[in-house]
Amino acid sequence: MNPCLRKSAMKSSRMCFFALACWLGWAGMCSAEEPPQGSLVIIGGALRFDEDVIWERVVELAGGKGAKVAVFPTASINPLRTGARASAALQAAGGQPFLVPVALEKIDVDYHKAVEDPALIAQVREAGAIFFTGGEQSRIVQALVTADGKNTPLLDAVWDLYRKGGVIVGTSAGAAVMSHVMYRDARNVLETLKKGVSMGHEIGYGLGFLDSTWFVEQHSLNRGRFARAMAAMQSQGLKFGIGVAENTALVVTGGSRVKVIGDHGAIVMDLSKATSDAAVAGFNLKHARLTY
């Protein structure tokens with residue numbers, strides 16, 4: 001059965017609540033392994049700096065007023081400006097943000113050295129939350145994952161924080177890296193449906209904070225990307241996906257409990273009973289199940 005969906009108003013935002021249980025006729029967001037103790041805040045992008053319900057929730061999950069938040073502007077083409085803006089919003093919400101100087105360009109730090117820096121690693125490990133800004137998600141993976149696919153010491157510190165109860169937050173590109181598979185260099189939605197996707201080209205591997213049975217898509221409703229999400233899911237045999245609208249956040253706690261906060265909502269894509277016709281050119285599905 002579908003999870004229960006209840007709506008109520010809070011400030012200027014609509015809030016939707018639903019719980020996903022593991023494998024009770026509807027795949028959950030937790031695996032057979034013990035889930036991390038921390039939380040995920042997956043933001044669909046275009047997060048307004050006055051969307052208090054989201055910024056304040058991040059600080060609350062990080063430990064409350066004065067909580068340290070490590071801001072990773074890694075995805076941004078202008079990391080210092082992007083990091084400063086996110087830090088200002090977090091500070092206004094009561095947090096104590098600090099910039100993690102890891103980016104591919106326009107920053108006076110070699111990211112190859114930064115991800116190995118013991119002092120920076122210790123600072124990140126002691127934070128209450130990690131905040132990945134928007135930009136290009138492939139930049140995050142390039143900086144934090146080695147060429148042979150292993151975690152850098154800095155990414156290990158991020159995972160340690162998450163496993164022990166910390167919060168991983170990502171907006172836009174920062175949301176995309178939450179899943180094991182992500183878009184990295186996508187065509188527009190229509191071209192994607194016509195031509196398909198392949199691993200190592202349009203799609204690649206993310207950081208995998210969310211259970212591997214799920215795919216994450218950002219700007220999902222505003223840009224119609226839930227359609228391209230299903231193309232990626234079909235190509236990789238993923239049965240379940242979540243698409244988050246702009247200025248909206250999906251808060252995942254305990255591996256399976258989910259709350260949607262912000263302006264809009266999220267769309268759940270269930271392909272567990274979907275079929276396709278190989279004789280038909282391009283992307284096609286029957287019996288896909290969508291829940292808003």
Side-chain angles (χ1 to χ4, degrees), residues 5-20 29 36-73 75-76 81-100 123-124 126-135 158 161-162 164-178 209-210 216 218-222 242-266:
L5 181 65
R6 303 195 301 270
K7 295 182 179 180
S8 62
M10 181 175 180
K11 297 182 180 179
S12 62
S13 302
R14 292 185 303 162
M15 300 185 68
C16 304
F17 305 86
F18 60 96
L20 303 180
M29 287 187 172
Q37 297 300 305
S39 304
L40 301 175
V41 180
I42 306 171
I43 305 165
L47 176 60
R48 294 200 307 263
F49 292 99
D50 62 353
E51 188 60 38
D52 296 341
V53 67
I54 295 178
W55 294 105
E56 290 174 1
R57 183 63 173 143
V58 169
V59 173
E60 178 187 352
L61 288 169
K65 188 175 178 61
K68 295 180 180 179
V69 182
V71 177
F72 281 71
S76 177
R81 182 179 65 185
T82 300
R85 294 182 70 191
S87 295
L90 288 163
Q91 188 170 19
Q96 187 178 336
F98 63 92
L99 187 72
V100 178
Q123 189 179 18
V124 168
E126 293 171 1
I130 305 295
F131 191 103
F132 289 105
T133 71
V158 172
L161 178 149
Y162 179 38
K164 294 177 182 178
V167 190
I168 307 295
V169 187
T171 181
S172 190
V177 298
M178 295 283 187
F209 298 115
L210 193 62
V216 176
Q218 17 85 326
H219 302 281
S220 179
L221 300 172
N222 310 73
I242 189 82
V244 188
E246 292 179 354
N247 202 43
T248 303
L250 188 81
V251 182
V252 183
T253 56
S256 63
R257 292 194 59 81
V258 179
K259 177 185 290 186
V260 180
I261 60 175
D263 264 4
H264 302 290

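Predicted, not measured: the structure shown is a model, and the values here were computed from it.
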For residues A62 and V69, report the shortest heavy-atom separation together with the two atoms involved.
CB-CG2, 4.5 Å
So, applying side-chain contact (heavy atoms from CB on, under 4.5 Å) with I54, which one of R57, E51, E56 is it?
E51
Heavy-atom closest pair, residues G265 and L221
O-CD1, 4.3 Å
Interatomic distance, CG@L99 vs CZ@F72, rounded to 0.5 Å, equals 9.5 Å
Between CD1 of I43 and CD of Q218, what distance do you get to the nearest 0.5 Å?
11.5 Å
Taking side chain as C-beta onward, heavy atoms only, is F209 less than 4.5 Å from V158?
yes
Search all heavy atoms of T133 against all heavy atoms of P73 and return the closest pair with its distance.
OG1-CA, 3.4 Å
Might you point out which heavy atoms bring V71 and A86 nearest each other, and give the distance in Å?
CG1-CB, 4.2 Å
To the closest 0.5 Å, what do you measure between NE2 (H219) and OG1 (T171)?
6.5 Å
If you measure from CG on L250 to CE on M178, what distance do you get to the nearest 0.5 Å?
9.5 Å
About how many Å separate CD of Q96 and CG of L90, when rounded to the nearest 0.5 Å?
11.5 Å
Could you grab the distance from atom NZ of K164 to atom CD of Q37, nearest 0.5 Å is fine?
12.0 Å
Side-chain heavy atoms of V41 within contact of V167, under 4.5 Å
yes
Quick one: side-chain contact (heavy atoms from CB on, under 4.5 Å) partners of A75, sequence neighbours excluded?
I140, A173
Any side-chain heavy-atom pair from V260 and V244 closer than 4.5 angstrom?
no
Test applied, side-chain contact (heavy atoms from CB on, under 4.5 Å); reference residue, V216; option that passes from L210, V177, L40:
L210
Determine whether a donor-acceptor pair (N or O, by modelled atom type, separation under 3.5 Å) exists between the side chain of T248 and the backbone of H264.
yes
Could I get the full list of side-chain contact (heavy atoms from CB on, under 4.5 Å) partners for A89, not counting sequence neighbours?
F49, W55
